[in-house]
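As structure tokens, the structure follows; a few thoughts come after it.
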Amino acid sequence: MREDGGNLIAETAARLRERDRERIAGLIARMFRLHDDLSPFYRRIASDEQLSWAAGGAGRLLSSPTVFEDVVKTICTTNCAWSATIRMTTALVERGGGAFPEPQVLAETPDAWYRDVARMGYRGSYVKSIAGDVAGHALDLESLLPARGRSDDEVEEVLLALPGVGPYAAAHVMQLLGRHRYLVLDSWTRPAYLRLAKKKRAADATIRRAFARYGEHAGLAFWLFLTRDWVEPTPP
DNA sequence: CGTCCAGGTCTAC
DNA sequence: GGTAGACCTGGACGC
């Protein structure tokens, strides 16, 4: 995939059937949030001292092709260093033969693989359990996409019910779903907020209150506030 | 070598 | 509904 004059170009050496071409285009559209309409948010921050810089088009968080993949990867970020997250997700992709494995594959993968190869610790049984439910159609994670019309609260409830998914992981997955109301609060975002807001300490409730004015985009506003220097190296 | 903890969650009070 | 304690792993750190 590459960018060319404002267009996103996806190429493959494979010869695709029309049907597969459309399916893949749909997955890419999801990954790059091409259907998300952030214009209300951009209007909201147009004259915002902290966030007006983002109104030019920032805020489309890259997601995985499927919600299932985002959920599993997010579980692999919990309670471990980033290097461990990379190790676990790399092992999963190897298990999938170069692509992220289908739920069916992970459901049938032996416990010993999770333990000894991916070194996923207690997360292994969580992932295997979720994969089994998705493969067996007892759980439809793709139904959490915004297009399916569920409320944020309903989606959060489904996510929190998953093993290994708590408040942090649910908020994180929801950001990737284009549901931007909730703040991702973890051991990286909390100190980052204190540093940028020049505060000594702040309870979670206090941080949420500081971003409540962005309404359904509060979580996105929080994330952009924290990552401004990823886009603009030297903020004034 | 032991302790702590990293982009938390679960269970048991 | 709120809060200790346990939990896989492995890199960082103090001794």
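In what follows, every chain begins at residue 1, and chains take the letters A, B, ... in the order their sequences are listed.
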Review point. Within the distance-only criterion (no hydrogens, no angle test), does the side chain of A/R213 pair as donor or acceptor with the backbone N or O of A/A218 below 3.5 angstrom?
Key: no
Check your understanding: Is there a side-chain polar atom (N or O) of A/R119 under 4.0 Å from OP1 or OP2 of C/dG10?
Key -> yes
Exercise for review: Indicate if A/V67 and A/I24 have the same hydrophobic cluster label, given that clusters are the connected sets of ILVMFWY residues with side-chain heavy-atom separations under 4.5 angstrom.
Suggested key: no
Review point. Would the number of heavy atoms belonging to other residues, nucleotides or ligands and lying under 6.0 Å from CD of A/E108 be above 12?
Key: yes
Study note, to complete from the structure: Within residues 72-83 of chain A, the residues having a heavy atom closer than 4.0 Å to DNA chain B are A/T77, A/T78, A/N79, A/C80, A/A81, A/W82
Review point. Between A/D48 (side chain) and A/Q50 (backbone), is there a donor-acceptor pair under 3.5 Å?
Key: yes
Check your understanding: Closest to the A/R123 side chain: B/dT9, B/dG7, C/dC8?
Key -> C/dC8
Check your understanding: Going by the angle between their ring planes, with limits at 30° and 60°, are A/Y193 and A/F225 parallel, tilted or perpendicular?
Key -> tilted
**Study point:** Lys/Arg-Asp/Glu bridge criterion (N-O < 4.0 Å) met for A/D36, A/R179
**Key:** no
**Study point:** Cationic tip of A/R44 above A/Y214 ring, under 6.0 Å, 45° of axis
**Key:** yes
Point to revise | Closest-nucleotide 5' rank along DNA chain B - winner of A/W223 and A/Y126 | key: A/W223
**Study point:** More than 12 heavy atoms of other groups within 6.0 Å of A/E49 CD
**Key:** no
Point to revise | A/R148/A/E142 ion pair, N-O < 4.0 Å | key: no
Exercise for review: State yes or no: do A/L51 and A/W230 share one hydrophobic cluster built from I, L, V, M, F, W and Y residues joined by side-chain heavy-atom distances below 4.5 Å, directly or via other members?
Suggested key: yes
Exercise for review: Represent DNA chain B in dot-bracket notation, 5' to 3'. Only Watson-Crick or G-U wobble pairs with both distances under 3.5 Å count; pseudoknot-style crossings use [ ] and interstrand partners use |.
Suggested key: ||||||.||||||
Review point. In residues 151-165 of chain A, which ones come under 4.0 Å of DNA chain B, going by heavy atoms?
Key: A/L162, A/P163, A/G164, A/V165
